[in-house]
Amino acid sequence: MEERISFAQFQGIFAEYLGIEVSRLTPEVNLLLELGVDSLSLVNVMLRLEREYQVMFNPEDRVMTRTLGEAYELFDNYRSLVLDAQTGS
């Protein structure tokens with residue numbers, strides 16, 4: 001299983017999933033208000049991340065995330081838990 005991923009890699013995943021240019025996906029950008037990403041698309045991206053990286057977001061995280069930075073922080077925290085469990089840390 002892959003180790004942690006960088007923000008740049010995460011940014012690329014969102015760009016691919018949502019069809020948005022990477023340059024527009026800054027940590028501060030509000031995905032819903034500034035980029036017009038609908039909440040269903042955001043939930044779908046997070047569900048794909050769960051499947052591909054074996055993480056499990058809390059349901060409220062999927063609907064409360066607003067910025068790409070928030071999404072990355074949540075993902076990184078959950079991913080760290082998965083990796084720690086696998087290594088017995």
Visitor: Closest heavy-atom contact between Ala71 and Phe14?
Guide: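 Nearest heavy atoms, Ala71 then Phe14: CB-CZ, 4.1 Å.
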
Visitor: Establish whether Val22 and Phe75 are linked, either directly or via other cluster members, by ILVMFWY side-chain heavy-atom contacts under 4.5 Å.
Guide: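 In one cluster: no.
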
Visitor: So do Phe7 and Pro27 actually touch side chain to side chain, heavy atoms under 4.5 Å?
Guide: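 The answer is yes; the side chains approach within 4.5 Å.
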
Visitor: Between Arg79 and Val55, is there a donor-acceptor pair closer than 3.5 Å when you use the side chain of the first and the backbone of the second?
Guide: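 No; judged by distance alone, with no hydrogens or angles, the pair does not exist.
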
Visitor: Quick one: list whatever passes side-chain contact (heavy atoms from CB on, under 4.5 Å) with Asn77, sequence neighbours left out.
Guide: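 Counting only residues at least two positions away or on another chain, Asn77 forms a side-chain contact (heavy atoms from CB on, under 4.5 Å) with Glu73.
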
Visitor: I would like to know whether Asn44 and Ser41 meet side-chain hydrogen bond (donor to acceptor under 3.5 Å, both in side chains); could you show each step before the answer?
Guide: CA-CA 5 Å; Asn44 284 332; Ser41 293; 5.5 Å; no

Visitor: List the residues meeting side-chain hydrogen bond (donor to acceptor under 3.5 Å, both in side chains) with Asp76, not counting sequence neighbours, and say none if there are none.
Guide: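 If we apply the side-chain hydrogen bond (donor to acceptor under 3.5 Å, both in side chains) test to Asp76, skipping adjacent residues, the hits are Arg4.
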
Visitor: Does Glu52 CD have over 12 foreign heavy atoms under 6.0 Å away?
Guide: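 Result for CD/Glu52: enclosed.
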
Visitor: Among residues at least two apart in sequence or on other chains, which ones pass ring pair (Phe, Tyr, Trp, His ring centres under 6.0 Å) with Tyr78?
Guide: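 Phe57.
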
Visitor: Which pairs count as ring pair (Phe, Tyr, Trp, His ring centres under 6.0 Å) when at least one residue sits in residues 27-51, sequence neighbours excluded?
Guide: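 The answer is none; no pair qualifies.
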
Visitor: Just jot down the side-chain contact (heavy atoms from CB on, under 4.5 Å) partners of Leu33, sequence neighbours excluded, or say none.
Guide: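 For Leu33 the side-chain contact (heavy atoms from CB on, under 4.5 Å) partners, ignoring immediate neighbours, are Asn30.
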
Visitor: What's the shortest heavy-atom distance between Leu32 and Arg66, and which atoms?
Guide: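 Heavy atoms only, the tightest pair is CD1-NH1, 3.1 Å.
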
Visitor: Applying ring pair (Phe, Tyr, Trp, His ring centres under 6.0 Å) as the test, list every pair that has at least one member in residues 17-51; sequence neighbours left out.
Guide: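 Checked against ring pair (Phe, Tyr, Trp, His ring centres under 6.0 Å) - neighbours excluded - no pair reaches residues 17-51.
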
Visitor: Restricting to side-chain contact (heavy atoms from CB on, under 4.5 Å), what partner residues turn up for Leu35, sequence neighbours left out?
Guide: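 Result, side-chain contact (heavy atoms from CB on, under 4.5 Å) vs Leu35: Ile20, Arg24, Leu25, Val29, Leu31, Val37.
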
Visitor: Test of understanding: with side-chain contact (heavy atoms from CB on, under 4.5 Å), list the residues that count as partners of Ser6, not counting sequence neighbours.
Guide: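 So Ser6 forms a side-chain contact (heavy atoms from CB on, under 4.5 Å) with Ala8, Gln9.
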
Visitor: Just by distance, do the side chain of Glu16 and the backbone of Gly12 share a donor-acceptor pair under 3.5 Å?
Guide: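 No, the answer is negative, given that no donor and acceptor are paired below the 3.5 Å cut-off.
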
Visitor: Considering non-hydrogen atoms only, spot the tightest contact between Tyr53 and Ile5 and give its length.
Guide: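 Nearest pair, atom of Tyr53 first, then Ile5: CE2-CG2, 4.1 Å.
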
